[in-house]
Amino acid sequence: MARIDFPKDFVWGTATASYQIEGAYQEDGRGLSIWDTFSHTPGKVFNNDNGDIACDSYHRYEEDVALLKKLGVTAYRFSIAWPRIFPQGTGEVNEKGLEYYRKVVDALLEAGIEPCVTLYHWDLPQALQDKGGWDNRDTIDAFVKYAEVVFKAFDGKIKQWITFNETWCVSFLSNYIGLHAPGNTDLQLAINVAHHCMVAHGEAVKKFRALGIRGEIGTTHNLSWCEPYSKSAEDVAAAHRNRAFNNEWFMEPTFKGTYPQFMVDWFASKGAKVPVLPGDMETIAQKIDFIGVNYYSGGFGRYKKGDGLFDCEEVQIGFDKTYMDWNVYAEGLYKVLSWVHEEYGDTPIYITENGACYEDVLAEGNRVHDTLRTDYYKKHFIQCHRLVESGVPLKGYFAWSLLDNFEWAEGYRKRFGIVYTNYETLERYPKDSYYFIQDVIKNGGFEA
Ligand SMILES: N#[N+]C[C@@H]1[C@@H](O)[C@H](O)[C@@H](O)[C@@H]2O[C@H]12
């Protein structure tokens, strides 16, 4: 056993998202989002679950803040629902929407917890989707207007802003693979969406700077790590294409204002190209104050002609699996964040999501002995410590998630929370993993 200790100023937090926890989907003037439409479409979500009620955090946010305070975190990442602020995506501001978030932010600050707010965590107003959504460049301007309203409303209170959550999911998962809202399966459309979201990110950063909003702004990309199964040129190239699909395709524009040419060529071979307009790349590459990275898993890949979009097949080498059937590959976190530092320099990094889904059993006394999840966190905290020790500018960590919540197309069957949500009573029960993290925060580390 070796003791690992984190820097005194290391930020510990947890993360959630509006559609996954709030419920109250028609309350106080909220407009419909694409996830209301998608989840209400039979067959799209497991068990036809939806976010109509979710964890009812719209009414129970004070319980959530109390759990955060008891946990000992100094930050809480949540998202603002665009359809609560602009029910039609643009036009009239819904003051009741702003009022809800004022209450949440004030409760957090009262508890000594810094709000870290994501502007876009996938709940696009349906009214904008009806006009083409992110495929329509007009949505960029609508996003910037929405961002300006919330920047001004919370200036000085919210000091850490994230423009987008996981643009890969917004684009490829939702418009090429089709698993998430709006459920398209068109590669060119997905590339258009990715590009327009990144332009919207850059325009929002420009607006943030122009308004002189206090605090820091960044964005969050979901990065993964695919290690080549062998050192053969074919396997190395295939694994790189697999990584670049998640990683370089988004990080290169964000930091260098260019797309990786080998991937541009690869997509061109599939008949798809990026709809770049003059000035777009300079806009995307606006300097950011931090980069958020969501990391869950990775694995090994090797060349196999025709396998998937990149002629890369996953090789099973015996990793333990989570209930999402994802590898528990903690060293992948070390590899990917070391790569970020090597490739993109000293921009501060926050792990804005990391966590695991397991089949949780409610035991006596409303306890959940989620030893596998606690073990997942231990393994990844060890890698976080390794990163800090190696000089990577890792400044903080947000566990996904505070609560079991609406897990998108998986509905409520997949639980990622460190707090168990009883969906019948909406009561919250801290799991053993919650108490493990509480202890790590309190003691600044743990015996690894
Ligand atoms: N799946 N899964 C869990 C988690 C999802 O619940 C978050 O909303 C996303 O940001 C990211 O995908 C990660």
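None of these values were measured; they are calculated from a predicted model. All residue numbers refer to positions in the sequence shown, counting from 1. Scope of the values below: all heavy atoms of this structure, side chains included, with no hydrogens, waters or symmetry mates. Numbering of ligands and ligand atoms starts at 1, following listing order.
- Here the straight-line distance linking atom CD1 of Ile217 with atom CD1 of Ile288 works out to 9.5 Å at 0.5 Å rounding.
- Looking at Gln20 next to ligand 1, an N or O pair under 3.5 Å apart turns up.
- Within the 6.0 Å centre-distance limit, the rings of Trp408 and Trp35 are counted as a close aromatic pair.
- To the nearest 0.5 Å, the span separating CG on Leu32 from CD on Gln26 amounts to 6.5 Å.
- At a 3.5 angstrom cut-off on N or O pairs, Trp326 does not count as close to ligand 1.
- The residue from Lys431, Arg413, Arg428 that alone fulfils the salt bridge (charged side-chain N to carboxylate O under 4.0 Å, His left out) condition with Asp404 is Lys431.
- Across His180, Glu353, Glu166, Glu410, heavy-atom proximity to atom 7 (C) of ligand 1 is greatest for Glu353.
- Within ligand 1, the atoms closer than 4.0 Å to a non-hydrogen atom of His121 are 7 (C), 8 (O), 9 (C), 10 (O), numbered from 1 in the order shown.
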How far apart are the C-alpha atoms of Asn94 and Arg30, what are their side-chain angles, what is the distance that settles it, and do they pass the side chain to side chain contact (heavy atoms under 4.5 Å, CB included) test? CA-CA 8 Å; Asn94 176 32; Arg30 178 184 180 277; 5.6 Å; no
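- Contact annotation for Asn405 and ligand 1: no heavy atom of the residue comes within less than 4.0 Å of the ligand.
- Among the atoms of Trp122, none of the N or O lies under 3.5 angstrom from an N or O of ligand 1.
- Close N/O approach between Glu407 and ligand 1 is found [any backbone or side-chain N/O within under 3.5 Å].
- From Gln20, atom CD reaches atom CG of Asp123 across 9.5 Å, with rounding to the nearest 0.5 Å.
- For atom 4 (C) of ligand 1, the nearest non-hydrogen atom of the protein is Tyr296 OH, 3.4 Å.
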